[in-house]
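All chains are named by letter (A, B, ...) in the order of the sequence lines, taking the proteins before the strands, and each is independently numbered beginning at 1.
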Protein chains: 2
Amino acid sequence: MPRTAFFISDGTGITAESLGRSLLAQFENVDLRMLTKPYIDSVEKARTLVEIIEATAVRDGEQPIIIDTIVDEGIRDVIRGATGFKVDIFSTFLKPLEQELGTHSSYSVGRTHSIGKDEVYMDRIHSVHFALDNDDGARTHQYDEADVILVGVSRCGKTPTSLYLALQFGIRAANYPLTEDDLDENGTLKLPKVLATHRHKLFGLTIDPRRLTAIRHERRPNSRYSSLDQCAQEVEQAEALYRQLHIPFIDTTRFSIEEISTRMIAETGLTRRFSPR
Amino acid sequence: MPRTAFFISDGTGITAESLGRSLLAQFENVDLRMLTKPYIDSVEKARTLVEIIEATAVRDGEQPIIIDTIVDEGIRDVIRGATGFKVDIFSTFLKPLEQELGTHSSYSVGRTHSIGKDEVYMDRIHSVHFALDNDDGARTHQYDEADVILVGVSRCGKTPTSLYLALQFGIRAANYPLTEDDLDENGTLKLPKVLATHRHKLFGLTIDPRRLTAIRHERRPNSRYSSLDQCAQEVEQAEALYRQLHIPFIDTTRFSIEEISTRMIAETGLTRRFSPR
């Protein structure tokens, strides 16, 4: 029977869950069931949740781990009454921070998750539509407006990365596929002409050919496109091009989309238009 | 001169920044400059960062706030030596958790941010492409495979929400626009036929007409499409349809994409295919 961990929040639960998973990932040998409980924004909802926690404690035969980022004192008091081992992030850190900053903190529910300024929302929508309009080389006349242009072979992760950059950071990311159309007579991959004037904006993605063949296989099983030979050849040519032209690149095989995106930003100094919530 | 806060991590920095922003958002009256420093994964990088922190302390005339989620002891020791007010999440909570769980934690760098199983990656890619293929009613024959179908008027937030659901949770979200084509002879909005057999999967989005007119104006300035009258009428008809058919819906005006998505999941009981990193 696994032990249960609750991530509780009066907002989206993203902070509580993200922190909770990071902490608990340090205990690989413990069998844990993790449950996120967002929008616990009333005493009534808190009471219902406490009943669930109590039932869980009885069933597990061990008290649950409770990690919360609730701001409201009244709601927090109710959760505090539950059977559990509590990791109370806000009360642990807010008091010392108040002293250091020489001011009181505001305990307004949901304050950290408000949508903020209209411009942030507009920037975000604009960036998402920019990524969609400029996906897979569909358009190339907006590259002046692009913050970055991702290049790489088909299905190496360009589209999800472009969308993540747009959604999380408001970065305008176009992406362009490197294909056999760009081979010269000797079978060497050349930089496509539309990219030549934007070389400083290029960022390459590469991938392990075995992973690539598996991904392409989902799309077109048993085709030349998805064969290991074809994948290996395309990847080799793409990497040779990156090296030759000194285009920075990342191997997406080992990394999550979050890692690819944040590493790109760290390496290139791309400016985020806003910060993730 | 604002005071500086550093969010420091040996991984993406997402947890440190998310927690740091949540904590510091409670101090609305303090002028803070927030800097995220990800991938501080060597003693050398930590030393360089400490030099930056020292220079910042001198320039600000006040010690910076330092919030970190570094796991490695050696790197953490270096950061500990910097001038600053430290919020050390891991050492604060890991020790008591070790006691509670009766085991030692593993201090492996980057452990929490590894890409994990191949299936997660595949699910994610598949969901993103599902959202793209089924964006804006482009296809309707895959609705059997959809976990949810977002409906709403043009530019109310369907596309970014579908993509966020796909990227963060692996949820397969299609979206379908409600347009004048779906009005009957009396000018009443009817449920499009392709949606009729999937009514249980529908989730509505609505929006303040003034916000909508501003968003549409960016796309087609001074058109009937972007006029307040037109926006108000479309929104009214969409909301009437939701109420009539008991389609759950959310007003996207007041919420971020994270909030819309997590509220939808909380309301509908949609199952996440994986958890955000």
Side-chain angles (χ1 to χ4, degrees), chain A residues 11-15 17-19 21-23 25-30 34 38-39 65 69 71 85 87 89-90 92-94 97 100-101 103 105-107 111-113 115 118 122 124-126 128-129 132 157 159-160 163-164 167 214-215 218 254-259 262-263 266 275-277, chain B residues 11-15 17-19 21-23 25-30 34 38-39 65 69 71 85 87 89-90 92-94 97 100-101 103 105-107 111-113 115 118 122 124-126 128-129 132 157 159-160 163-164 167 214-215 218 254-259 262-263 266 275-277:
Chain A
T12 61
I14 291 170
T15 301
E17 174 166 340
S18 156
L19 177 75
R21 285 187 184 274
S22 300
L23 286 173
Q26 305 305 317
F27 299 92
E28 4 191 3
N29 302 322
V30 182
M34 306 190 198
Y39 301 110
I65 311 294
T69 55
V71 180
F85 179 80
V87 175
I89 302 159
F90 273 23
T92 305
F93 292 127
L94 279 183
L97 270 172
E100 174 66 19
L101 296 171
T103 181
S105 61
S106 61
Y107 284 71
R111 167 89 182 71
T112 60
H113 297 290
I115 193 164
D118 271 14
M122 291 297 211
R124 200 169 195 186
I125 300 287
H126 185 84
V128 167
H129 285 284
L132 291 176
T159 299
L163 291 168
Y164 188 85
L167 273 168
I215 295 171
E218 292 248 309
R254 293 163 41 221
F255 298 124
S256 67
I257 291 161
E258 285 81 353
E259 285 174 304
T262 52
R263 278 174 190 272
S275 301
R277 266 64 82 73
Chain B
T12 63
I14 290 171
T15 302
E17 175 167 341
S18 157
L19 176 74
R21 286 188 182 273
S22 301
L23 286 171
Q26 305 305 317
F27 299 92
E28 4 191 4
N29 302 321
V30 182
M34 306 189 198
Y39 301 111
I65 311 293
T69 55
V71 180
F85 179 81
V87 175
I89 302 159
F90 273 24
T92 305
F93 291 127
L94 278 184
L97 270 172
E100 174 66 19
L101 296 172
T103 180
S105 61
S106 63
Y107 284 73
R111 167 90 181 71
T112 60
H113 297 290
I115 193 164
D118 271 13
M122 292 295 213
R124 201 170 191 184
I125 300 286
H126 186 83
V128 167
H129 285 284
L132 291 176
T159 298
L163 290 168
Y164 188 84
L167 273 169
I215 295 171
E218 292 247 310
R254 294 163 41 223
F255 298 125
S256 67
I257 292 161
E258 286 80 355
E259 286 174 303
T262 52
R263 279 174 190 273
S275 300
R277 266 65 78 74

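- Annotation: maximal heavy-atom pairing with chain B below 4.5 Å, among A/V30, A/L167, A/V128, occurs at A/L167.
- For chain A, the nearby part of B/I65 is the side chain; its heavy atoms alone come within less than 4.5 Å.
- Once rounded to the nearest 0.5 Å, the distance linking CG of A/L101 with CD of B/Q26 reads 12.0 Å.
- The CG atom of B/L19 sits 8.5 Å away from atom OG1 of A/T69, with the distance rounded to the nearest 0.5 Å.
- Using a 4.5 Å cut-off between heavy atoms, B/T159 contacts chain A through its side chain alone, with no backbone atom that close.
- Of the atoms belonging to A/I89, heavy atoms from both backbone and side chain fall under 4.5 Å from chain B.
- In terms of heavy-atom pairs under 4.5 Å with chain A, the best-connected choice from B/I215, B/L163, B/T92, B/L97 is B/L97.
- Annotation: the span from A/S256 atom OG to B/R124 atom CZ amounts to 6.0 Å, rounded to 0.5 Å.
- The CD1 atom of A/I14 lies 9.5 Å from the OG atom of B/S22; values are rounded to the nearest 0.5 Å.
- For B/Y39, the part lying under 4.5 angstrom from a heavy atom of chain A is the side chain only.
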Checking A/S18 against B/S18 for the side-chain hydrogen bond (donor to acceptor under 3.5 Å, both in side chains) test, could you report, in this order, the C-alpha distance in whole Å, the side-chain angles of both residues, the deciding distance, and whether it holds? CA-CA 8 Å; A/S18 156; B/S18 157; 4.9 Å; no
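- Under the side-chain contact (heavy atoms from CB on, under 4.5 Å) criterion, B/H126 pairs with A/E218, B/E145, B/R172, sequence neighbours left out.
- If you take OG1 on B/T15 and CZ on A/R21, they are separated by 11.0 Å, rounding to the nearest 0.5 Å.
- You'll find the ring centres of B/F93 and A/F93 inside the 6.0 Å limit.
- Considering only residues two or more places apart in sequence or on other chains, B/F85 meets the ring-ring contact (aromatic ring centres under 6.0 Å, His included) condition with none of them.
- Atom CD1 of residue A/I257 and atom OG1 of residue B/T12 lie 13.0 Å apart, to the nearest 0.5 angstrom.
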